[in-house]
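What follows is a set of notes on a single structure, which appears directly below.
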Amino acid sequence: MPPDPDLIDELLDVCHRLYRSGMVASNDGNVSAVTEDGNLITSVTNVSKGAMTARHVVKVNRDGIPLEDGKKPSSELLMHLAIYRDRPDVRAVVHAHPPYATGFAAAGLALDRCVLPEIVMTLGSIPLAEYGTPSTEEVPEAVSKWIGQSDAVLLSNHGAVTVGSSLMDAYYKMERIEHYARICYIARQLGGERVLTPTEVSKLYRLREEAGMTNRNTGCWACDQLVEGSCVGEACVNFSGMGESFEAVARKLVKEVVSSQIKER
Ligand code: 13P
């Protein structure tokens with residue numbers, strides 16, 4: 001089945017937006033999406049996302065084998081393939097090098113504090129995957145540790161990757177983390193972010209639940225106090241119905257377990 005022209009147009013639109021917004025330079029970045037017949041389309045390697053046309057899009061199967069002659073898929077295809085394997089719900093993947101988010105990634109800093117309500121409500125904490133040599137298995141291996149619990153991951157000394165239910169959904173997540181990283185950067189110049197209190201965060205979780213919103217990645221992993229309702233992987237914090245002294249012990253235990261999980265990553 002030939003690739004869907006609307007899907008190709010959307011992929012080109014996302015590539016042009018990435019380039020225009022300065023989230024990539026030169027031939028940086030790559031984008032892919034699931035086609036109707038279950039294969040993928042992806043940007044070819046080594047082309048500016050600002051100059052992308054339909055001839056710079058290649059259809060590949062789930063093993064990364066090109067289904068069109070004479071076109072070489074993105075060198076980061078291994079990462080895209082691994083994400084689709086790990087997350088069957090994902091329909092599109094965007095990889096870019098947005099300067100503020102990549103600045104955090106290069107400084108070894110995750111965006112994992114609860115600072116802005118819209119980030120708490122949508123993406124949650126944005127983890128930092130360890131460094132992997134671009135185009136090798138090291139990148140998907142590093143991303144796999146996080147992509148199950150987050151739709152956006154920073155890549156150490158490299159960039160960021162976002163996933164979504166559509167190309168635009170994945171693109172907007174990239175735009176969101178870049179904007180967020182920029183705000184955090186400015187706040188740090190001004191003395192540092194004020195982290196939302198557990199009560200403030202709990203209220204946001206309630207709002208999110210009422211609105212039927214979900215994100216995979218809840219909680220402020222870097223905060224001192226854990227927030228009711230926050231989860232790391234399968235483990236969620238729920239202190240309801242506990243007496244005061246039990247609650248204090250439970251909070252301490254949960255904090256220790258979560259801290260050790262974070263250190264392991
Ligand atoms: P490709 O041109 O091969 O997609 O690589 C660009 C890139 O950003 C690598 O990380």
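Every number for a ligand or one of its atoms is a count from 1 in the order of the listing.
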Polar proximity ligand 1 side, Lys49 side, N/O cut 3.5 Å exclusive: no

Nearest heavy-atom contact between Arg208 and Val120 is NH1-O, 3.4 Å

Can you tell me how far CG of Asp13 sits from CG of Asp6, rounded to the nearest 0.5 angstrom? 12.0 Å

Provide, to 0.1 Å, the distance between atom 2 (O) of ligand 1 and the closest protein heavy atom, together with that atom's residue and name. Asn46 N, 2.7 Å

Answer with side chain, backbone, both or neither: which part of Ser74 has a heavy atom less than 4.0 angstrom from an atom of ligand 1? both

Taking distance alone, with N or O pairs closer than 3.5 Å, would you say Ser43 contacts ligand 1? no

Decide yes or no for Tyr180 and Tyr100: does some side-chain heavy atom of the first lie under 4.5 Å from some side-chain heavy atom of the second? no

Rounded distance (nearest 0.5 Å) linking atom CG of Leu154 with atom CG of Asp112: 9.5 Å

Which residue and heavy atom of the protein sit nearest atom 5 (O) of ligand 1, plus the separation: Ser75 OG, 3.4 Å

Any His95 side-chain heavy atom under 4.5 Å of Leu155 side chain: yes

What do you reckon, does Thr45 have a nitrogen or oxygen under 3.5 Å from a nitrogen or oxygen of ligand 1? yes

Is there a side chain to side chain donor-acceptor pair (under 3.5 Å) between Asn39 and Thr35 once you walk through the steps? CA-CA 5 Å; Asn39 289 301; Thr35 58; 4.8 Å; no

Numbering as shown, the atoms of ligand 1 that approach Asn27 to under 4.0 Å (heavy-atom distance): 2 (O), 6 (C)

His97 heavy atoms within 4.0 Å reach ligand 1 at atoms 8 (O), 10 (O)

Going by the order shown, which atoms of ligand 1 are within less than 4.0 Å of some heavy atom of His95? 8 (O), 10 (O)

Rounded to the nearest 0.5 Å, what's the gap from NE2 on His158 to OG1 on Thr133? Could you check? 10.5 Å

Heavy-atom gap Gly29 to ligand 1 smaller than 4.0 Å: yes

For ligand 1, which atoms, with element, lie under 4.0 Å from some heavy atom of His158? 10 (O)

Any side-chain donor paired with an acceptor under 3.5 Å for Ser156 and Glu130? no

